[in-house]
Amino acid sequence: MTTLTPSEFCRCLVKRWTDPTPIVRPACGLGLDAYLHLLLQLLPRGEVWPREPESVQVKLMEAIAATLAMPEGPGTITLEERVCRLLDELDPRVLVELLARWEAWLGLPDICMPKVTGIDARRQRIVAKENAVGGASVPYFTELAALLGFDIQIEEPFPLGAGCLRGGHRAGCCCTWIVHVRCVELEEGVTLPEAQAMLECLFQRLKPAHTAVFFRYGSSYCQNSDPDRCF
């Protein structure tokens, strides 16, 4: 059984959004004896709190431990298993029962992330929204696009200015991003145009206010007739 200190458990929760390893269950898989030991450790010390196996106090703790390890009823899972399944709901990548509550908390669906029916797609959007904590850097937007299944590269054209350009520089305008979308892993039930619209909506919502963003999709799709044009 894997155990974690409170500080280690908090770190485990913080890294769950990007770490592919499922969240660790610090108190799952315990049997009757383990529960009895835990309950006895919670009791005060003293002569009126005996630990002898035949004492009434230990018998009472055994009965309580049995309720944790025994099934709730015929054909049901144990109480421990039920609690441990709820612990899984802390990780949005494996959500089942609390999908709707997570979505309500994050304000999903919204104008950039319309409603979808597939469980995997809903989980993916929850993870993406939870990770969209804000940022003005190219790496931040690249990672955000990756959470939605997009493989992109952001180009920042060199500002046009006398004496500034060098061989190999691409002339552009200040504060412009050209987002090259190389490929996308579509969510369940989402079409390619819908995925493109979602990506562009998120960029327009989260980008720095002074930045103009243009999109290029492979070699056959171009969102703007002139991606280098500055408004």
Side-chain angles (χ1 to χ4, degrees), residues 1-110 113 116-135 139-140 143-144 146-148 187-188:
M1 180 186 68
T2 304
T3 58
L4 296 176
T5 64
S7 60
E8 289 172 335
F9 182 59
C10 289
R11 288 197 297 271
C12 177
L13 295 181
V14 170
K15 73 175 184 177
R16 68 184 182 269
W17 314 120
T18 55
D19 191 336
T21 306
I23 189 171
V24 179
R25 296 179 173 187
C28 296
L30 303 181
L32 177 62
D33 292 340
Y35 272 117
L36 176 60
H37 175 74
L38 289 175
L39 291 171
L40 292 177
Q41 293 299 312
L42 294 174
L43 296 177
R45 298 289 176 178
E47 294 184 2
V48 297
W49 302 97
R51 264 56 173 188
E52 289 76 17
E54 300 302 321
S55 65
V56 175
Q57 186 67 53
V58 172
K59 294 296 184 181
L60 175 61
M61 293 298 104
E62 285 180 347
I64 296 175
T67 63
L68 299 174
M70 290 179 59
E72 296 173 310
T76 63
I77 62 174
T78 65
L79 180 58
E80 180 201 44
E81 290 172 335
R82 191 72 186 89
V83 172
C84 289
R85 287 188 185 182
L86 183 61
L87 185 60
D88 283 338
E89 300 295 310
L90 293 173
D91 189 339
R93 298 167 303 173
V94 293
L95 278 173
V96 178
E97 298 182 38
L98 300 184
L99 261 173
R101 293 194 179 186
W102 273 83
E103 289 172 333
W105 178 56
L106 293 172
L108 292 173
D110 61 18
M113 294 183 177
V116 289
T117 56
I119 292 181
D120 290 337
R122 293 170 67 186
R123 289 171 178 164
Q124 186 176 9
R125 295 191 179 189
I126 288 173
V127 172
K129 186 68 175 289
E130 181 71 2
N131 278 277
V133 294
Y140 168 75
E143 293 175 3
L144 180 60
L147 290 172
L148 296 172
E187 300 172 334
E188 180 183 352

Enquirer: Under 4.5 Å between any side-chain heavy atoms of Arg125 and Lys129, yes or no?
Expert: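 The answer is no; the side chains never approach within 4.5 Å.
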Enquirer: Below 3.5 Å, can you tabulate the donor-acceptor pairs from side chains in residues 94-101 to any protein atom, sequence neighbours excluded?
Expert:
from	atom 1	to	atom 2	distance (Å)
Glu97	OE1	Arg82	NH2	2.9
Glu97	OE2	Arg82	NH1	3.2
Glu97	OE2	Arg82	NH2	3.4

Enquirer: Testing Arg93, Glu103, Met113 one by one against Ile126 for a side chain to side chain contact (heavy atoms under 4.5 Å, CB included), which residue passes?
Expert: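 In the set Arg93, Glu103, Met113, the residue that makes a side chain to side chain contact (heavy atoms under 4.5 Å, CB included) with Ile126 is Glu103.
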Enquirer: Any side-chain heavy-atom pair from Leu43 and Met61 closer than 4.5 angstrom?
Expert: yes
Enquirer: Can you name the salt bridge (charged side-chain N to carboxylate O under 4.0 Å, His left out) partners of Asp33, sequence neighbours left out?
Expert: none
Enquirer: Check whether more than 12 heavy atoms from other residues, nucleotides or ligands sit under 6.0 Å from atom CD1 of Ile119, and answer yes or no.
Expert: no
Enquirer: Looking at Trp102 and Arg122, would you say the former's side chain and the latter's main chain have a donor-acceptor pair under 3.5 Å?
Expert: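 Checked: no pair found.
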Enquirer: For a 4.5 angstrom cut-off between non-hydrogen side-chain atoms, does Arg51 reach Gln57?
Expert: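 The answer is no, as the side chains (C-beta and beyond) never meet within the 4.5 Å cut-off.
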Enquirer: Are any non-hydrogen side-chain atoms of Leu36 and Leu40 less than 4.5 angstrom apart?
Expert: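 Answer yes - side chains close enough.
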Enquirer: Roughly how far, to the nearest 0.5 Å, is CD of Glu62 from CG of Leu39?
Expert: 10.5 Å
Enquirer: How about CD on Glu54, more than 12 heavy atoms from neighbouring residues, nucleotides or ligands closer than 6.0 Å, or not?
Expert: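 Check fails, neighbour count at 12 or below.
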Enquirer: Do you know which two heavy atoms are closest between Val116 and Ala121, and how far apart they sit?
Expert: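 Closest pair (atom of Val116, atom of Ala121, distance): CG2-CB, 3.8 Å.
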Enquirer: Quick one: pull up CG in Leu144 and CG in Leu148 and give me the separation to the nearest 0.5 Å.
Expert: 5.5 Å
Enquirer: Looking only at heavy atoms, which two atoms of Ala65 and Tyr35 are closest? And how far apart?
Expert: CB-CB, 3.8 Å
Enquirer: Within this structure, what is the NE2-CG distance for the pair His37 and Leu42, rounded to the nearest 0.5 Å?
Expert: 10.0 Å
Enquirer: Less than 4.0 angstrom from a charged side-chain N to a carboxylate O is my criterion; do Asp120 and Arg123 meet it?
Expert: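 Yes, this pair counts.
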